[in-house]
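Data first, discussion second: the structure below is written as structure tokens.
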Amino acid sequence: MTLMRIATWNVNSLKVRLGRLEEWLGYAQPDVICLQETKLADAAFPGMDMERLGYEWAHHGSGRWNGVAILSRVGIENVRTGFDDGHDDEPSEARVITADCGGVQVTSVYVPNGRSLDDEMYRMKLDWLDRLHDFIAGSSKAGDEVAVCGDFNVAPHDIDVYSPKAFAGSTHVSDDERKRVQRLLDWGMVDAFRSRWSQEKLYSWWDYRAGNFHKGFGMRIDHILLSKPLADNVSFALIDRNARKGQLPSDHAPLFVDVEAS
DNA sequence: ATGGTAGCGCTGCTA
């Protein structure tokens, strides 16, 4: 068994956040980190910077919007983009990438926001979460070591929202979205952060506007879902709020878990 | 809490 630190961070433009990412990698020292919203085309990905920092990498992006990546210092093999389910929104959407890192199947996801309950993007979000479930169920067994990490744009329970009343009728908290996330848990995954912090109101995203971070007006929408073999061996989990402070922060904080992987 | 900020890129979209 070896200790593996697995992280996820929606960086909201890797170009702008490169310095903050380098700083965070330097002190958090994750073995694997999933990134979302790189907002870069593959050709613009700063691969040499990642290699200088000691990471192999795989990126899936088409520029301007979305873009996901996996960085690993425990190897990165069998890289796959999209869901490979015959739909045609990938690669242009660039919301999912999967690789095998140190014996763990790691997927970095940037789930569609949904905009509002009456928007067609909301239906697309629900379908996307179903496709994610089908991809995971089709590419692995519950007994495998599997990690699905990223910005789910779903707060699984009311405890994950600073004010459920303020979000009533909005995306991120609807029953249909929560059921889609629950499908992944029913398949055999565990919300690793919540397994370690059962009652705490701790968030991973705060709107840039209106001083929401300083008011504590956040939501926990970034998650690391682990299959049981990994989830049973989590020794630590943390959302690093300090990375949401200071100069040029992302609107998301990074999350990491420490697991004993075989 | 119905305004507000950030990023991309040059106009308004996305979040």
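What you see below is based on every heavy atom in this structure, not just the backbone, and it leaves out hydrogens, waters and symmetry mates. Every chain is numbered from 1, with letters handed out A, B, ... down the list of sequences.
Taking atom NE2 of residue A:His252 and atom P of nucleotide B:dT14, one finds them 17 Å apart after rounding to whole Å. Spacing between atom CH2 of A:Trp65 and atom C1' of B:dT14 amounts to 7 Å, rounded to whole angstrom units. Nucleotide B:dT14 holds its C1' atom 11 Å from the CG atom of A:Asn153, rounded to whole Å. In this structure, A:Phe213 places its CZ atom 19 Å from C1' of B:dA1, rounding to the nearest Å. Going from atom CZ of A:Arg17 over to atom P of B:dA6 covers 10 Å, rounded to whole Å. Atom-to-atom, CZ of A:Arg209 to C1' of B:dT2 comes out at 10 Å; the value is rounded to the nearest Å. The interatomic distance linking A:Lys15 (NZ) with B:dA6 (P) rounds to 18 Å, in whole Å. Here the P atom of nucleotide B:dT5 and the CH2 atom of A:Trp205 are 14 Å apart, to the nearest Å.
Of the candidate nucleotides B:dA1, B:dC8, B:dC13, B:dA1 has the atom nearest to the side chain of A:Tyr162. Closest to the A:Arg115 side chain, of the nucleotides B:dC8, B:dT14, B:dA1, is B:dT14. Of the candidate nucleotides B:dG7, B:dA1, B:dA15, B:dA1 has the atom lying nearest to any side-chain atom of A:Asn212. The side chain of A:Tyr208 lies closest to B:dT5 when the candidates are B:dA1, B:dC8, B:dT5. Comparing B:dA1, B:dC8, B:dA15 by their nearest atom to the side chain of A:Lys39 picks out B:dC8.
Remark: A:Ser13 is in phosphate contact with B:dC8, judged by side-chain N or O atoms under 4.0 Å from OP1 or OP2.
Residue-to-nucleotide proximity on DNA chain B shows that, of A:Ser163 and A:Thr38, the 5′-proximal contact is made by A:Ser163. A residue-by-residue look at A:Glu37 and A:Asp207 shows that A:Asp207 has its nearest nucleotide of DNA chain B further toward the 5' end.
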Requested in this report: Could you go through the salt bridge (Lys or Arg N to Asp or Glu O under 4.0 Å) check for A:Arg178 and A:Asp175 one step at a time?
Outcome: CA-CA 5 Å; A:Arg178 287 172 169 175; A:Asp175 287 343; 5.0 Å; no
**Report entry** Intermediate values then yes/no, ring pair (Phe, Tyr, Trp, His ring centres under 6.0 Å), A:Phe83 and A:Trp128
**Finding:** CA-CA 10 Å; A:Phe83 292 131; A:Trp128 201 95; 4.8 Å; yes
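Shown are A:Ile70, A:Val109, A:Ile224; of these, the side chain to side chain contact (heavy atoms under 4.5 Å, CB included) with A:Thr8 is made only by A:Ile224.
B:dA1 and B:dG12 have their C1' atoms separated by 24 Å, given to the nearest Å. Annotation: B:dT2 and B:dT14 have their P atoms spaced 24 Å apart (nearest Å).
In A:Asn78, the CG atom is crowded: over 12 heavy atoms of neighbouring residues, nucleotides or ligands sit closer than 6.0 Å.
Residues A:Val11 and A:Gln36 fail the side-chain proximity criterion, which asks for heavy atoms closer than 4.5 Å.
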